[in-house]
Amino acid sequence: MLELRHFRLIAAVADTGSLAAASRQLHLTSSALSHQLRDAEERLGVQLFQRRQRRLLLTGSGEKLLLSARRVLSEVAQAETLCRAHPQDDLLRLSTGCYTVYGWLPPILGQWQAEHPRVELRIVLEATRQPLGALLNGELDLALTPDVPKQARLAQTPLFEDELLLVVPAGHALARQGHVTAQDLLREHLLTYAAPREQLDVFTRVFWPAGLEPHRVSPVPLTEALIELVRGGIGVTALPEWMLPDPRHGLQTVRLTPRGIRRRWSAVTRASRPRSAPLTRFIQLLRERFALHGKAGPRALSRQQVPPRRGGTPRASQRD
């Protein structure tokens, strides 16, 4: 594999026409550059330059590689500029494993932003469906998501637990049962989030372990729409209790499976990257708030008022 030094060498020699001129541009000796060029050609198994009248001219392979080199060097320069413009302590990129989480985050965001008015908070909505992938790809600094698999590349801070429940219209036949199984739900009209089935707990933890598939499924993009469709008798859905309205007129809940479907939410960061002071404080606030409210958890947080930020409203940008 070629390295950045090889790309810089190829671009410099192509621009200047000689190793001597390239050495002055790159602040390296001609012998060092000659060694790098030989190394690059040996790695690729092709000749990159030909000597003609004291000038080094690109071969066909060299011209193709030069196009890639300029593109790579340009992207590296852009990345360096972006990092200098937004140092780690000046930007916090956040996403969650559920859109509804944004309903209980504001009280925490308000207090955190008041303590860190110079830090930009960026909520990356497009990463909501795959927050861990975006985190590992370097697109996020923090993911709030349930049931994170243990792996060396992720650092987890436990926050709270919730239970996924079946939500049915008031008076529904299933509401009289102590719990429901996948077999009970086979012929129900199942309303779900508009997400791949492998990302939905009702499939991965209820239907698929039983080797079953529901007969009728309708994706719905919004939690509010899910709830109102269930209230209107259109179908049933699976949601944690904290997502339901209070009071829950026209709705009843039933446990899914005999043991229930419990989920453990965590604040997740990359283990390979040290947490900045603002990120550490944000996670600390999350832990303190959930420790304070206990089982009420997100429901209690969603009722709180957002603390005002000194000098104006919280400075958060949203990408969608």
Side-chain angles (χ1 to χ4, degrees), residues 75-162 195 199 263-292 297-298 301-302 304 306-320:
E75 291 179 356
V76 169
Q78 292 177 20
E80 291 174 347
T81 300
L82 181 62
C83 288
R84 293 189 184 99
H86 292 288
Q88 187 181 8
D89 288 355
D90 290 344
L91 175 66
L92 175 59
R93 299 165 301 169
L94 163 71
S95 193
T96 81
C98 172
Y99 287 113
T100 313
V101 168
Y102 299 117
W104 52 256
L105 269 180
I108 298 171
L109 295 179
Q111 180 177 347
W112 175 84
Q113 190 74 84
E115 297 179 11
H116 300 88
R118 296 181 180 275
V119 181
E120 177 188 356
L121 173 70
R122 183 175 298 165
I123 297 175
V124 188
L125 288 179
E126 62 266 31
T128 297
R129 293 302 183 196
Q130 293 285 354
L132 296 182
L135 182 69
L136 291 173
N137 289 338
E139 300 165 18
L140 295 178
D141 303 300
L142 175 64
L144 306 178
T145 189
D147 299 328
V148 181
K150 291 185 178 180
Q151 59 171 286
R153 293 196 295 166
L154 298 175
Q156 302 181 42
T157 301
L159 296 177
F160 67 92
E161 288 190 7
D162 65 8
Q199 296 178 16
R263 308 183 300 178
R264 296 176 175 86
W265 286 77
S266 300
V268 190
T269 60
R270 279 171 290 168
S272 61
R273 185 167 185 177
R275 292 176 177 176
S276 66
L279 176 57
T280 299
R281 178 55 177 159
F282 191 91
I283 295 173
Q284 181 185 8
L285 287 174
L286 286 168
R287 295 199 68 183
E288 289 175 353
R289 292 299 182 95
F290 285 116
L292 177 64
L301 287 178
S302 63
Q304 296 182 13
V306 180
R309 170 179 171 260
R310 293 187 297 270
T313 56
R315 181 167 61 95
S317 63
Q318 180 173 296
R319 297 171 60 193
D320 52 19

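Excluded from the calculations below are hydrogen atoms, water molecules and symmetry mates; all remaining heavy atoms, backbone and side chain alike, are included.
Ala155 is linked by a side-chain contact (heavy atoms from CB on, under 4.5 Å) to Thr269, Ala271, Arg275, counting only residues two or more places apart in sequence or in another chain. For Arg263, the salt bridge (charged side-chain N to carboxylate O under 4.0 Å, His left out) criterion is met by Asp162, Asp201, not counting sequence neighbours. Listed by chain and number, the residues in a side-chain contact (heavy atoms from CB on, under 4.5 Å) with Ala134 are Ala127, Glu139, Leu140 (sequence neighbours excluded). Judged as a side-chain hydrogen bond (donor to acceptor under 3.5 Å, both in side chains), and not counting sequence neighbours, Asn137 has no contacts. Taking the side-chain contact (heavy atoms from CB on, under 4.5 Å) definition, one finds that Gln284 meets it with Arg281, Glu288, sequence neighbours left out. With sequence neighbours excluded, the residues that form a side-chain hydrogen bond (donor to acceptor under 3.5 Å, both in side chains) with Arg264 are Glu161.
Rounding to the nearest 0.5 angstrom, the gap separating the CD1 atom in Ile108 from the CG atom in Leu286 is 4.5 Å. Remark: Phe282 CZ to Gln113 CD distance equals 10.0 Å, nearest 0.5 Å. One finds the CD atom of Gln156 at 11.5 Å from the CD1 atom of Ile283 (value rounded to the nearest 0.5 Å). Trp112 CH2 to Leu105 CG: the interatomic distance, rounded to the nearest 0.5 Å, is 11.5 Å. Taken from OG1 in Thr96 to CG in Leu125, the straight-line distance is 8.5 Å, to the nearest 0.5 Å. Here Arg153 contributes atom CZ and Arg273 contributes atom CZ; the two are 15.0 Å apart, rounded to the nearest 0.5 Å.
The side chain to side chain contact (heavy atoms under 4.5 Å, CB included) test with Thr145 is passed by exactly one of Thr128, Leu132, Leu135: Leu132.
Side-chain atoms of Ser95 come within 3.5 Å of backbone N or O of Val124 as a donor-acceptor pair.
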Working for side chain to side chain contact (heavy atoms under 4.5 Å, CB included), residues Arg287 and Leu159: CA-CA 6 Å; Arg287 295 199 68 183; Leu159 296 177; 4.0 Å; yes
Going through the distances and angles, do Leu154 and Leu136 end up as a side chain to side chain contact (heavy atoms under 4.5 Å, CB included)? CA-CA 8 Å; Leu154 298 175; Leu136 291 173; 3.6 Å; yes
